[in-house]
Amino acid sequence: MLRLKLLEASLVAAAVSVSASYACAEDFSAKLSGFNEIGSIPTSVTVPTAPPPPVTVTTSYTGAVLSDGRGTAKLDLDRNAGTIAYTLTYKNVGVTPPKTGTVLFAHIHFGKSRDSGGVLVFFCTNVMFGGTGPTPPSCNTDSSGSGTVSGMWKAENVQAIPGQNVQAGDFDALVDALTSNTAYANIHTTSGTMPDTAFPGGEIRGQVHSEDREHREDR
């Protein structure tokens, strides 16, 4: 009888441990397209670069963008570890004439679906990085406008957005943005000319949603 009770107790403890680990792990995703795009409400965006000074990229409010580009973002949050593993995959970005270009950088922004907000974290960048934390990977894009980038975000990767009350290194702010449906993935393109004739304010975009929420909506 004692052995049975001990076995039951150990099984309960294991179940509680597994349940707790699942509670701390959450999956998020985004589907990016030009139809979700609005560009940037500010008319310019300052991009930190190394060495200084920062680069000012001229942007505009575009509304939806007619682009063959598509993408998906997968995010795996581990609250206990304070990490988010990510994979961004995209194709046909920057190749839809007449406004063609190459991938400039890709981010998670702090904003609702029909708004624009500041950069919380970088997926990748093709300009010299002068922001907070480690240098993001390059956006390795082939001639068809396709690529995949993976990595891990920690507190040190979170960028400051002073106008939206976000401090650099605030991992909780990133988590709050994801869990409140106030984060979107955005891939920006550039023609490399002045004026820029691609979409520096964003060519394809997608709101980040909890995987659990998407599964519930699919049923």
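Keep in mind that the numbers below use all heavy atoms, side chains included, and drop hydrogens, waters and symmetry copies.
I108 and L77 end up in the same hydrophobic cluster when Ile, Leu, Val, Met, Phe, Trp and Tyr side chains are linked at under 4.5 Å. V166 and V175 fall within the same hydrophobic cluster, where Ile, Leu, Val, Met, Phe, Trp and Tyr residues are linked whenever their side-chain heavy atoms come under 4.5 Å apart, directly or through other members. Both Y86 and V103 sit in one connected hydrophobic cluster of ILVMFWY residues. Membership requires side-chain heavy atoms under 4.5 Å apart, directly or through other members. A continuous path of hydrophobic side-chain contacts links V208 to F123 [ILVMFWY only; heavy atoms under 4.5 Å].
At distances below 3.5 Å, not a single donor-acceptor pair connects side-chain atoms of N186 with backbone N or O atoms of G202. Judged by distance alone, with hydrogens and angles left aside, the side-chain atoms of T100 form no donor-acceptor pair with the main-chain N or O of T96 at under 3.5 Å. Remark: the backbone N or O of S191 is not paired with any side-chain donor or acceptor of T197 at under 3.5 angstrom. Between the side chain of D196 and the backbone N or O of P200, no donor-acceptor pair lies under 3.5 Å. Under the 3.5 Å distance criterion, the side-chain polar atoms of N181 are left unmatched by any main-chain donor or acceptor of H209. Under a 3.5 Å cut-off, the side chain of Y184 and the backbone N or O of G117 do form a donor-acceptor pair.
Heavy atoms from other residues, nucleotides or ligands lying under 6.0 Å from NZ of K91 number 12 at most. The environment of N165 atom CG is sparse: at most 12 non-hydrogen atoms of other residues, nucleotides or ligands sit within 6.0 angstrom. More than 12 heavy atoms of other shown residues, nucleotides or ligands fall within 6.0 angstrom of atom CD in E156.
Of all heavy-atom pairs spanning F28 and T179, the tightest one is CZ-CG2, 3.9 Å. Nearest heavy atom pair, residue V93 against residue I204, reads CG2-CD1, 3.7 Å. In plain terms, the two heavy atoms of I84 and F171 that are nearest each other are CG1-CZ, 3.8 Å. In plain terms, the two heavy atoms of I187 and A106 that are nearest each other are CG1-CB, 3.9 Å. Here the closest non-hydrogen pair linking F110 and Q164 is O-NE2, 3.1 Å. Of all the heavy atoms in A183 and L178, the pair that sits closest is CB-CD2, 3.9 Å.
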For T102 and T190, what are the C-alpha separation, side-chain angles and deciding distance, and is it a side chain to side chain contact (heavy atoms under 4.5 Å, CB included)? CA-CA 5 Å; T102 58; T190 180; 3.9 Å; yes
For F199 and K99, what are the C-alpha separation, side-chain angles and deciding distance, and is it a side chain to side chain contact (heavy atoms under 4.5 Å, CB included)? CA-CA 8 Å; F199 295 96; K99 296 174 75 67; 3.5 Å; yes
Checking side chain to side chain donor-acceptor pair (under 3.5 Å) for the pair T141/Y90: CA distance, chi angles, key distance, verdict? CA-CA 9 Å; T141 309; Y90 54 91; 2.6 Å; yes
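In this structure, L120 and I161 have side chains that are in contact, with non-hydrogen atoms separated by less than 4.5 Å. E26 has its side chain out of reach of E211: every pair of non-hydrogen atoms, C-beta onward, lies at least 4.5 Å apart. Inter-residue side-chain proximity for L104 and V127 is flagged as met; some heavy-atom pair is nearer than 4.5 Å. Using a 4.5 Å heavy-atom cutoff, the side chains of R114 and I38 are in contact. Side-chain contact between S113 and N36: absent, with no pair of heavy atoms (C-beta onward) separated by less than 4.5 Å.
To the nearest 0.5 Å, atom CG of residue L174 and atom CD of residue Q159 are 11.0 Å apart.
Judged by distance alone, the side chains of D78 and T83 never bring a donor and an acceptor atom under 3.5 Å apart. There is no side-chain donor-acceptor pair under 3.5 Å between S138 and N140.
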Could you pull out every donor-acceptor pair under 3.5 Å between side chains of residues 65-75 and any protein atom, sequence neighbours left out?
{"from": "S67", "atom 1": "OG", "to": "G69", "atom 2": "N", "distance (Å)": "2.9"}
{"from": "S67", "atom 1": "OG", "to": "E203", "atom 2": "OE2", "distance (Å)": "2.7"}
{"from": "R70", "atom 1": "NH1", "to": "S67", "atom 2": "O", "distance (Å)": "3.1"}

Under 3.5 Å, side-chain donor or acceptor atoms of residues 147-154 against the rest of the protein: list the pairs with distances, not counting sequence neighbours.
{"from": "S150", "atom 1": "OG", "to": "T87", "atom 2": "OG1", "distance (Å)": "3.0"}
{"from": "W153", "atom 1": "NE1", "to": "F122", "atom 2": "O", "distance (Å)": "2.9"}

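Qualifying side-chain contact (heavy atoms from CB on, under 4.5 Å) partners for A168, counting only residues two or more places apart in sequence or in other chains: T132, A160.
Note on ring orientation: taking the six-membered ring where Trp is involved, the planes of H107 and F105 are tilted (angle from 30° to 60°).
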